[in-house]
K.L.:
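Mind looking over this structure? Questions follow.
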Amino acid sequence: MAERPGRGSLLVRLLALSVVISVLSISATAWLAVRDTTRALQQERGRALADDARIYDALLGHAATHRDWTAVLPLVRSLAAATERRIVLTDRDRTPLAASGAGALPQRASATVDPLDVDTDLARTAGQDGIDARATGPYQLPVAERTALRRLAERARDCLRGPVDTAPVPVIAAEGPLPVHTDAEIVVAPSGRPRIESRGSTVTGGTRCAGELDALAEPTATERRALGQLDDLVNTCLDRQRIPAVRTALDGGWTPAGSGPVTAGRRDAVDGCVSAARRTQIADHVAPPALLFVTDPGTPMRVDTFDLTPANRLRISGLAAVVLLVAVGVTVLVGVRLVRPLHALTAAAGRMRNGDTTARVRVAGRDEIARLGTAFNEMAEQRCRVEQLRRDMVGDIAHEMRTPVTNIRGWLEAAEDGVVELDADLVRSLLDEALLLQHVIDDLQDLATADAGELHLHRQQVEVPRLLREVADTFAPAAEAAGVALVVDAAPGSLDADPIRLRQAIGNLVTNAIRHTPADGRVTLSARHEGAYVEIAVADTGPGIPEEQRDLVFERFWRAEKSRSRWTGGSGLGLAIVRKIAELHGGTAAVSGTAGTGAVFTLRLPAPPGRVDPPRGPVPPGREHAV
């Protein structure tokens with residue numbers, strides 16, 4: 001019986017959601033209009049204030065680095081284009097110096113651009129005395145002095161950061177440990193003088209690198225000349241007030257020039273003289289004060305109030321009803337198209353649950369539901385393949401176990417009945433059959449452990465050439481009995497791998513190669529570096545594997561011989577184990593070669609981090625090892 005859509009169905013939920021969204025969106029229109037208009041006006045005001053501050057700071061920087069305003073017009077035009085404002089710059093008599101457009105000037109200027117008296121509400125570049133930090137004047141360093149100070153700063157920074165290869169250890173001083181500033185950075189002032197900062201503050205004395213910092217703080221020749229001029233100006237001012245002379249410093253501070261201290265009551269007078277002297281010293285290097293006028297390029301648009309008259313309310317109600325009907329109709333159409341394939345997918349899943357492995361859904365389109373249907377069909381195909389593999393595997397295991405068990409039982413019954421004598425040859429034959437049976441069981445156990453994710457690796461550094469030679473020595477008797485030559489040709493290198501599991505994988509490949517190589521043939525074990533991988537290859541001169549069968553060689557119980565004889569085809573699990581071991585190491589296993597000329601099985605495993613590929617060229621003497 002078909003289920004009727006209830007309150008929990010997707011169609012009903014979509015319809016309810018559509019109604020709620022439509023009602024809420026229409027009800028909030030008036031509120032949003034007023035709110036957004038108010039916010040837009042506030043944002044516009046904030047943007048205007050930010051633009052004013054940006055314009056003021058840019059023009060202030062120009063005034064601090066130029067002696068006049070003759071070259072300011074390109075800057076004014078670029079600022080006007082970026083902020084969409086009209087900018088006019090005049091002198092104190094309102095004579096235009098530069099303008100981005102024509103028009104009458106307001107009664108009051110927006111600001112006065114004076115690098116010696118910065119408006120801190122519009123710019124944050126003023127020092128303690130109100131002078132713009134970019135107004136360096138005679139303190140501007142030439143290139144040679146900047147280069148020399150940069151070298152001193154780099155030495156001080158490297159010293160503060162401490163040794164690179166070891167953990168920073170505080171130096172013990174008399175008053176306590178001196179820290180290591182691992183985050184010390186070089187910051188260059190507008191004058192070109194570098195300083196060392198750590199965590200936002202300047203690093204001075206009292207550190208493990210006091211010598212380097214003292215050398216960096218020493219004034220240059222240019223700075224000494226400028227400080228000398230400043231001292232003369234300051235002391236002239238102090239002399240008029242009968243205050244002892246002082247000596248100024250680069251950071252704006254001062255110290256008494258004589259032995260007597262300056263009284264606390266006269267410190268304000270000294271500070272005033274220093275500030276006035278700095279302005280006098282820098283005045284000739286900066287542009288004169290100018291008036292800044294920032295206005296809108298046109299007439300602002302009039303904003304009408306929102307009028308909710310009865311006619312407007314009626315129109316809004318009618319529009320709300322139309323929007324609601326359209327939303328409901330569209331939701332129904334979309335919901336039906338959305339629910340129909342979901343019903344089909346649910347029915348197919350139910351048939352598959354009941355055992356119908358042929359259940360599929362028809363896929364149309366490229367939307368999310370179409371991708372879901374495609375994924376369902378692929379899952380169904382994969383389930384069929386897995387089920388078929390499971391049946392084949394159960395049959396193969398039964399076949400593999402039946403043959404040796406039947407042989408053992410037959411010989412034992414014959415011995416019990418007295419048909420054959422239980423001599424040493426018969427015991428040896430029964431032991432061989434038991435070993436073959438144990439080999440199948442061990443292979444199955446390894447694969448089951450790997451499939452369950454419980455096959456753990458014990459990694460260590462493995463020398464690849466040595467490992468290949470050990471494997472070759474192990475299989476040398478079997479190769480000699482088969483008349484096959486074993487050769488090792490490995491480039492020097494190492495792997496981070498489990499040596500026992502890796503030897504097991506390579507041993508399986510060598511066993512397979514010896515079994516399929518005719519007498520007087522050759523099996524070669526080689527290794528080489530390919531980028532970030534090490535490739536270990538086992539090549540034989542046997543009949544090879546046809547290209548159409550190469551995708552099957554690593555499947556469980558697959559053999560090239562259809563006779564299914566263990567004596568010629570093995571257990572059919574060795575190559576499957578090889579692939580599992582390679583994947584556990586983060587690598588891959590592959591087969592190549594040409595049918596009729598031999599097969600090449602390759603393990604591609606990740607090389608250790610930091611490995612450098614050896615140079616390619618002829619095989620060095622002594623690397624090739626024949627068994």
Side-chain angles (χ1 to χ4, degrees), residues 400 403-404 407 424-425 427-440 442-443 446 464-490 500-527 536-546 549-550 552-579 581 589-603 623-627:
E400 296 296 332
T403 302
N407 291 338
D425 292 337
V427 172
R428 189 180 304 108
S429 176
L430 295 176
L431 180 60
D432 290 340
E433 292 292 341
L435 290 176
L436 291 176
L437 185 60
Q438 182 65 43
H439 181 62
V440 174
D442 291 341
D443 288 347
D446 287 342
V464 177
R466 179 179 178 181
L467 178 67
L468 294 184
R469 285 193 293 271
E470 291 176 353
V471 173
D473 292 339
T474 301
F475 289 91
E480 184 178 357
V484 176
L486 270 180
V487 177
V488 177
D489 179 15
I500 297 177
R501 292 298 178 184
L502 190 57
R503 188 181 292 111
Q504 178 186 4
I506 299 173
N508 288 353
L509 294 178
V510 173
T511 301
N512 188 66
I514 294 175
R515 183 184 298 117
H516 292 88
T517 301
D520 298 328
R522 178 187 178 102
V523 174
T524 303
L525 284 70
S526 61
I536 301 175
V538 177
D540 60 56
T541 57
I545 299 174
Q549 296 182 356
R550 291 176 187 170
L552 304 173
V553 295
F554 292 103
E555 295 295 336
R556 301 172 186 183
F557 295 108
W558 181 89
R559 300 191 193 92
E561 294 86 354
K562 302 305 180 183
S563 63
R564 304 186 62 84
S565 170
R566 290 185 51 81
W567 299 105
T568 58
S571 68
L573 297 173
L575 294 181
I577 294 175
V578 169
R579 181 171 62 180
I581 292 176
V591 61
S592 59
T594 305
T597 61
V600 180
F601 286 85
T602 304
L603 298 179
R623 196 185 78 181
E624 186 173 282
H625 173 71
V627 180

K.L.:
Would a 4.5 Å heavy-atom cut-off, applied to side chains only, mark V471 and V510 as touching?
P.N.:
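Yes, their side chains come closer than 4.5 Å.
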K.L.:
Kindly indicate whether the side chain of L509, heavy atoms from C-beta on, has any atom under 4.5 Å from the side chain of V578.
P.N.:
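Yes; the side chains approach each other to less than 4.5 Å.
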K.L.:
Would you mind reporting whether R522 and V484 have side-chain heavy atoms less than 4.5 Å apart?
P.N.:
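Not in contact.
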K.L.:
Which heavy atom of P465 sits nearest a heavy atom of A490, and at what distance?
P.N.:
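For P465 and A490, the tightest heavy-atom pair comes out as CA-CB, 3.9 Å.
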K.L.:
Side chains of L467 and L502: closer than 4.5 Å at any heavy-atom pair?
P.N.:
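With C-beta onward as the side chain, the pair touches.
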K.L.:
Nearest 0.5 Å, please: how far is CD in E480 from CD1 in I514?
P.N.:
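Here the rounded value is 11.5 Å.
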K.L.:
How long is the gap from CG on L525 to CZ on R469, to the nearest 0.5 Å?
P.N.:
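That separation rounds to 11.5 Å.
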K.L.:
Please name the pair of heavy atoms, one in I581 and one in Q504, separated by the smallest distance, quoted to 0.1 Å.
P.N.:
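Scanning both residues, the minimum pair turns out to be CD1-OE1, 3.8 Å.
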K.L.:
Quick one: CG on L468 to CZ on R503, what's the gap to the nearest 0.5 Å?
P.N.:
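One gets 10.5 Å once the value is rounded to the nearest 0.5 Å.
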K.L.:
Which distance, rounded to the nearest 0.5 Å, do you find between the CG of D540 and the OG1 of T524?
P.N.:
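It comes to 9.0 Å.
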K.L.:
Is V464 close to I536 at the side-chain level, that is, under 4.5 Å between some pair of heavy atoms?
P.N.:
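Heavy-atom side-chain distance check passes, below 4.5 Å.
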K.L.:
How many angstroms lie between atom CG of L486 and atom CZ of F475, to the nearest 0.5 angstrom?
P.N.:
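If I round to the nearest 0.5 Å, the distance is 9.0 Å.
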K.L.:
Taking atom OG1 of T541 and atom NE2 of H516, what is their separation to the nearest 0.5 Å?
P.N.:
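One finds 13.0 Å between OG1 of T541 and NE2 of H516.
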K.L.:
What's the shortest heavy-atom distance between G521 and T517, and which atoms?
P.N.:
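For G521 and T517, the tightest heavy-atom pair comes out as CA-CG2, 3.7 Å.
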K.L.:
Looking at side-chain heavy atoms only, is the closest gap between V487 and V523 below 4.5 Å?
P.N.:
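No - every pair of side-chain heavy atoms lies 4.5 Å or more apart.
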